[in-house]
Amino acid sequence: KAKVKAKVKAKVKAKVKAKASAGSLGARRGSSSSRASAAVAVRGASRRQPQPQPQPQKKQLTRQAANGRQQPSAAPEKRTQPRNRRGGGIDMRAFTQRMQQYSAWTSDKMKLLLKANDQSRSGNKAVLQAKCAFGETFGRLPRCPRCFGGRVKFRLPGPSGSLASVFTIYGGASGQELQADREAEKEQVRKRFYCTGFYDDDEKVDCDWQDDVVQPEPWTST
């Protein structure tokens, strides 16, 4: 009986050990399989995720440069000379046309027109034509703003392009007026409008005012 019991106990212990070893082996196999499945899942997820593609920077820069070249350049601003306004602007084309119109007038008729507009009436016929044409194109010139007695005179572009008096361009001055005009033309800086003074009875009142700006007054045509 003792031998039987010992054999039974040995068989039971062997069975228990076999089961224990089989359970540990299954656990090891399960853990390794779970790890393998997890690794496969990670690999699949990494494969499924799209890789970011680099943006074509060079192409965009090239298109921007092309668009920049295609943009039209802004047109330059046009600057026009003021006509018949404060500042001395005068339409020389209209002035030349009126000079030709007044060529049919007599000197006495033009002097009457200049007298009606309180303008100087000295000079030859060409000078009178220039004074009438200038007054009709630009306006009537006022009295000198400095001496208040002299009549404002004007200069025109001469043959060289610089401003010159009508007596310098067309001639016709004589005596004291010629001398005063020559003195005014000696100025290094000559402006469009100027004054040489006036006579108070027999006494000459000198004036050296000149400016590029004057306020014209309405011109009387009749």
Side-chain angles (χ1 to χ4, degrees), residues 79-100 102-103 105 107-221:
R79 296 182 179 180
T80 56
Q81 185 179 7
R83 297 181 180 180
N84 300 336
R85 296 178 60 185
R86 183 185 179 97
I90 180 172
D91 187 352
M92 293 303 298
R93 181 178 298 179
F95 170 80
T96 304
Q97 292 176 354
R98 290 186 172 93
M99 277 280 293
Q100 296 176 356
Y102 282 109
S103 62
W105 286 38
S107 298
D108 292 338
K109 187 176 181 180
M110 286 187 286
K111 287 181 179 181
L112 290 175
L113 179 61
L114 293 172
K115 183 179 180 179
N117 287 278
D118 193 27
Q119 303 296 290
S120 173
R121 301 184 296 277
S122 60
N124 55 21
K125 184 176 181 179
V127 172
L128 297 177
Q129 287 177 233
K131 291 180 179 181
C132 292
F134 188 89
E136 188 174 351
T137 304
F138 180 80
R140 184 172 66 184
L141 296 177
R143 293 277 178 163
C144 176
R146 177 180 295 177
C147 66
F148 303 103
R151 290 185 173 90
V152 173
K153 302 176 183 179
F154 62 93
R155 293 185 174 100
L156 296 172
S160 62
S162 60
L163 293 175
S165 67
V166 291
F167 295 113
T168 302
I169 298 174
Y170 302 108
S174 61
Q176 295 178 345
E177 186 173 22
L178 176 60
Q179 183 178 358
D181 192 75
R182 286 178 177 176
E183 290 295 329
E185 291 299 279
K186 290 180 181 179
E187 295 288 341
Q188 294 183 355
V189 179
R190 294 191 297 272
K191 299 184 178 180
R192 183 175 293 276
F193 304 103
Y194 67 104
C195 176
T196 57
F198 66 99
Y199 282 93
D200 186 6
D201 293 335
D202 294 335
E203 183 180 358
K204 174 68 184 303
V205 178
D206 293 323
C207 182
D208 59 355
W209 172 88
Q210 63 172 351
D211 203 336
D212 287 323
V213 177
V214 71
Q215 180 62 50
E217 298 175 358
W219 177 263
T220 302
S221 58

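With respect to Gln119, the side chain to side chain contact (heavy atoms under 4.5 Å, CB included) criterion is satisfied by exactly one of Arg140, Lys131, Lys111: Arg140. Just one of Val152, Val214, Asp212, Val213 meets the side chain to side chain contact (heavy atoms under 4.5 Å, CB included) condition when paired with Arg192; it is Asp212. Applying ring-ring contact (aromatic ring centres under 6.0 Å, His included) to Phe138 and the options Trp219, Phe154, Phe95, Phe193 leaves one that passes, Phe193.
For the pair Phe134/Val166, no side-chain contact is recorded, criterion being any heavy-atom separation below 4.5 Å from C-beta on. Side chains of Pro145 and Trp209 form a contact here, defined as non-hydrogen atoms less than 4.5 Å apart. The side-chain heavy atoms of Cys132 and Leu114, taken from C-beta on, include a pair separated by under 4.5 Å.
At least one donor-acceptor pair under 3.5 Å links the side chain of Gln210 to the backbone N or O of Val189.
Applying the salt bridge (charged side-chain N to carboxylate O under 4.0 Å, His left out) rule to pairs touching residues 152-177 yields Arg155-Glu185, sequence neighbours excluded.
Closest approach of Phe167 and Ser122 over heavy atoms only: CZ-OG, 3.8 Å. Scanning both residues, Leu113 and Ser221, for their nearest heavy atoms gives CD1-O, 3.6 Å. Across Tyr102 and Met110, no two heavy atoms sit closer than the pair O-SD, 3.9 Å. The shortest non-hydrogen separation linking Arg190 to Ser162 is NH2-OG, 3.8 Å. Smallest separation of non-hydrogen atoms from Cys195 and Gly150: SG-CA, 3.8 Å. The shortest non-hydrogen separation linking Asp91 to Thr137 is O-CG2, 3.8 Å.
Qualifying side-chain hydrogen bond (donor to acceptor under 3.5 Å, both in side chains) partners for Arg146, counting only residues two or more places apart in sequence or in other chains: Asp208. Partners of Lys204 under the salt bridge (charged side-chain N to carboxylate O under 4.0 Å, His left out) rule, at least two apart in sequence or in another chain, are Asp206. Every side-chain hydrogen bond (donor to acceptor under 3.5 Å, both in side chains) that Arg151 has, sequence neighbours left out, goes to Asp118. Residues forming a ring-ring contact (aromatic ring centres under 6.0 Å, His included) with Tyr170 (at least two apart in sequence, or on another chain): none. A search for side-chain hydrogen bond (donor to acceptor under 3.5 Å, both in side chains) contacts involving Asp181 returns Ser165, Tyr194, not counting sequence neighbours.
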Residue pair Glu136, Arg98: steps toward the side chain to side chain contact (heavy atoms under 4.5 Å, CB included) verdict:
CA-CA 8 Å; Glu136 188 174 351; Arg98 290 186 172 93; 3.4 Å; yes
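In the displayed structure, Glu217 atom CD is contacted under 6.0 Å by more than 12 heavy atoms of other residues, nucleotides or ligands. Residue Arg182 places its CZ atom among 12 or fewer non-hydrogen atoms of other residues, nucleotides or ligands, all under 6.0 Å distant.
One distance of note links CD of Gln215 with CG of Leu141; it measures 11.0 Å at 0.5 Å rounding. Between atom CG of residue Leu163 and atom OG1 of residue Thr168 there is a gap of 11.0 Å, rounded to the nearest 0.5 Å.
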